[in-house]
There are 2 protein chains.
Amino acid sequence: MPSKLLSPAQLGLIAERFKALAEPSRLEILHALKERERTVSEILEATGLGQANVSKHLQVLFTAGFVDRRKDGVNTWYRLADQDVLRLCELMCGRMEKEAAARRKLFAG
Amino acid sequence: MPSKLLSPAQLGLIAERFKALAEPSRLEILHALKERERTVSEILEATGLGQANVSKHLQVLFTAGFVDRRKDGVNTWYRLADQDVLRLCELMCGRMEKEAAARRKLFAG
DNA sequence: AGTGCGTATAACTATATAGTTATATACAGG
DNA sequence: CCTGTATATAACTATATAGTTATACGCACT
């Protein structure tokens, strides 16, 4: 099958999504949400990051569609929007494990 | 199953990989390599990007392990290192199509 | 050796953004 | 209302990097 052509606009949107995953702090936040829904305060505690910083990161993740949220009184509860983030990270981690295995093999020879 | 703990160093490495995919120009280059191996010159032609710019992007993609390369005289031939990049992009595109479908449904109601 | 071509690198500029500090908003309880 | 708490936002600084221009490197050909 011929490769679908991708417009600059589409490439920009895809890149924007990847960019949301391209920061250690945001990956840490997503990791904290893997088990269950959490409030911002719980995320602060789980990650040790600053409050304003986490708030901004959560906006980025929300805009990119990776997390959903609901208000409950003064709290905002955040959760993973779906399982795609986990799949993406697992794919990436799998790649890195393969790399590491190849390196080990190379040096063990 | 309990979530695996990820060290800051691991998160950094994963983020670095995602960052390599977080630029429209690099996605365009990967797209150009989807069909077949290409020289830098061919990539220049396919993408319309500047020579030095493409050379730098190719370094980033190579360092991140997404492309492999071989020298052949004055030419350097680049190719996708494996099919993971395509899977990652397809996963991401699938997400976006779901989003778009949801929006259409919302407004069509 | 000298020339031309393909690719990589250095140096620079402009832009984006992570993190911080300070402040604003919004809700809950007394 | 007033106070405290949870979260979001504004303003700022420091850093990273995309793109460009100029230059260096390496190979092929004569």
Side-chain angles (χ1 to χ4, degrees), chain A residues 6 8-33 36-64 66-79, chain B residues 6 8-9 11-33 36-79:
Chain A
L6 292 174
Q10 286 172 316
L11 291 171
L13 289 172
I14 302 170
E16 195 181 354
R17 261 73 176 182
F18 277 123
K19 193 177 294 184
L21 302 181
E23 286 299 322
S25 299
R26 284 197 285 270
L27 293 178
E28 198 177 357
I29 290 171
L30 292 169
H31 190 63
L33 295 175
R36 58 177 179 83
E37 188 181 42
R38 286 184 199 268
T39 65
V40 177
S41 296
E42 289 175 329
I43 296 170
L44 295 182
E45 194 178 358
T47 62
L49 299 169
Q51 184 268 319
N53 196 15
V54 163
S55 191
K56 282 202 303 182
H57 283 313
L58 286 168
Q59 297 301 321
V60 173
L61 291 170
F62 179 75
T63 301
F66 289 120
V67 301
D68 277 341
R69 65 184 168 199
R70 65 184 177 88
K71 298 280 291 192
D72 170 33
V74 290
N75 296 302
T76 309
W77 292 84
Y78 282 86
R79 64 184 176 282
Chain B
L6 293 175
L11 290 171
L13 289 172
I14 301 170
E16 195 180 355
R17 261 71 175 185
F18 277 122
K19 194 178 292 184
L21 302 182
E23 285 300 321
S25 299
R26 284 197 286 270
L27 292 178
E28 198 178 358
I29 290 171
L30 291 170
H31 190 64
L33 294 175
R36 59 176 180 82
E37 188 181 42
R38 287 183 197 269
T39 66
V40 177
S41 296
E42 290 175 328
I43 295 170
L44 295 182
E45 194 178 357
T47 61
L49 299 169
Q51 184 268 320
N53 195 15
V54 163
S55 190
K56 282 202 305 180
H57 283 313
L58 285 169
Q59 296 303 320
V60 172
L61 291 170
F62 179 75
T63 302
F66 289 119
V67 301
D68 277 340
R69 65 185 169 199
R70 65 185 177 87
K71 299 279 291 190
D72 170 32
V74 291
N75 297 302
T76 309
W77 291 84
Y78 282 87
R79 63 185 177 282

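So you know, we letter chains A, B, ... as the sequences are listed, proteins then strands, and number each from 1. Not measured: the values here are computed from a predicted model.
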Measure CG/B:Leu21 against P/D:dA18 and give the value in whole Å, please. 12 Å
Closest to side chain of A:Lys56, choosing from D:dA11, D:dT7, D:dG19: D:dA11
Whole angstrom value for the distance that separates P of D:dA18 from CG of A:Leu11: 15 Å
Options D:dA18, C:dA8, C:dT20, nucleotide nearest the side-chain atoms of A:Asn53: C:dT20
Sub-4.5 Å side-chain heavy-atom contact between A:Glu28 and A:His57: no
Is A:Gln51 touching bases, backbone alone, or none of the nucleic acid, heavy atoms closer than 4.0 Å? base
Counting only heavy atoms not in B:Glu45, do more than 12 sit closer than 6.0 Å to its CD atom? no
Could you state the atom-to-atom distance from CH2 of A:Trp77 to C1' of C:dC27 in whole Å? 16 Å
Return the 5'-most residue of the pair A:Ser25, A:Gly73 with respect to DNA chain C, ranking by each residue's nearest nucleotide. A:Ser25
Using atom CG of A:Leu44 as one end and atom P of D:dT5 as the other, report the distance to the nearest whole Å. 15 Å
Nucleotide of D:dA18, C:dA8, C:dA22 approaching A:Ala52 most closely (side-chain heavy atoms): C:dA22
I want to check one thing: is the phosphate of C:dT9, taken as OP1 and OP2, less than 4.0 Å away from some side-chain N or O of B:Gln59? yes
Which residue, B:Lys71 or A:Arg26, contacts DNA chain C at a nucleotide closer to its 5' end, judged by nearest heavy atom? B:Lys71
Does A:His57 have a side-chain nitrogen or oxygen under 4.0 Å from the phosphate oxygens OP1 or OP2 of C:dT17? no
Phosphate contact (D:dA6 OP1 or OP2) by A:Thr76 side-chain N/O below 4.0 Å: no
Decide if atom CD of B:Gln59 counts as having more than 12 heavy atoms of other residues, nucleotides or ligands within a radius under 6.0 Å. yes
Looking for any heavy atom pair under 4.0 Å, which part of the strands does A:Phe62 touch: base, sugar-phosphate only, or nothing? nothing
So B:Ser55, base contact, sugar-phosphate only, or nothing? Heavy-atom distance under 4.0 Å. base
Name the closest nucleotide to the B:Arg69 side chain, picking from C:dT7, C:dA8, D:dT5. C:dA8
Just to confirm, is there a sub-4.0 Å distance from OP1 or OP2 of C:dT17 to any side-chain nitrogen or oxygen of A:Lys19? yes
With B:Trp77 as reference, evaluate B:Arg69, B:Lys71, B:Glu42 under the side chain to side chain contact (heavy atoms under 4.5 Å, CB included) test and give the passing residue. B:Glu42
Value in whole Å for how far the P atom of D:dT7 lies from CG of A:Asp72: 10 Å
Does the side chain of A:Leu49 reach to within under 4.5 Å of the side chain of A:Ile43, using non-hydrogen atoms? no
Expressed as a whole number of angstroms, how long is the span from B:Glu23:CD to D:dT17:P? 10 Å
Please tell me if B:Tyr78 has a side-chain N or O lying less than 4.0 Å from either OP1 or OP2 of C:dG6. no
Just call it for B:Asn75: base, sugar-phosphate, or nothing, with non-hydrogen atoms closer than 4.0 Å on any strand. sugar-phosphate
Nearest-Å distance, CG (A:Leu27) to C1' (C:dA18)? 14 Å
Write down the distance between CG (A:Leu58) and C1' (C:dG19), rounded to a whole number of angstrom. 15 Å
Taking the side chain as every heavy atom from C-beta outward, state whether B:Thr39 and B:Asp72 have any atom pair closer than 4.5 Å. no
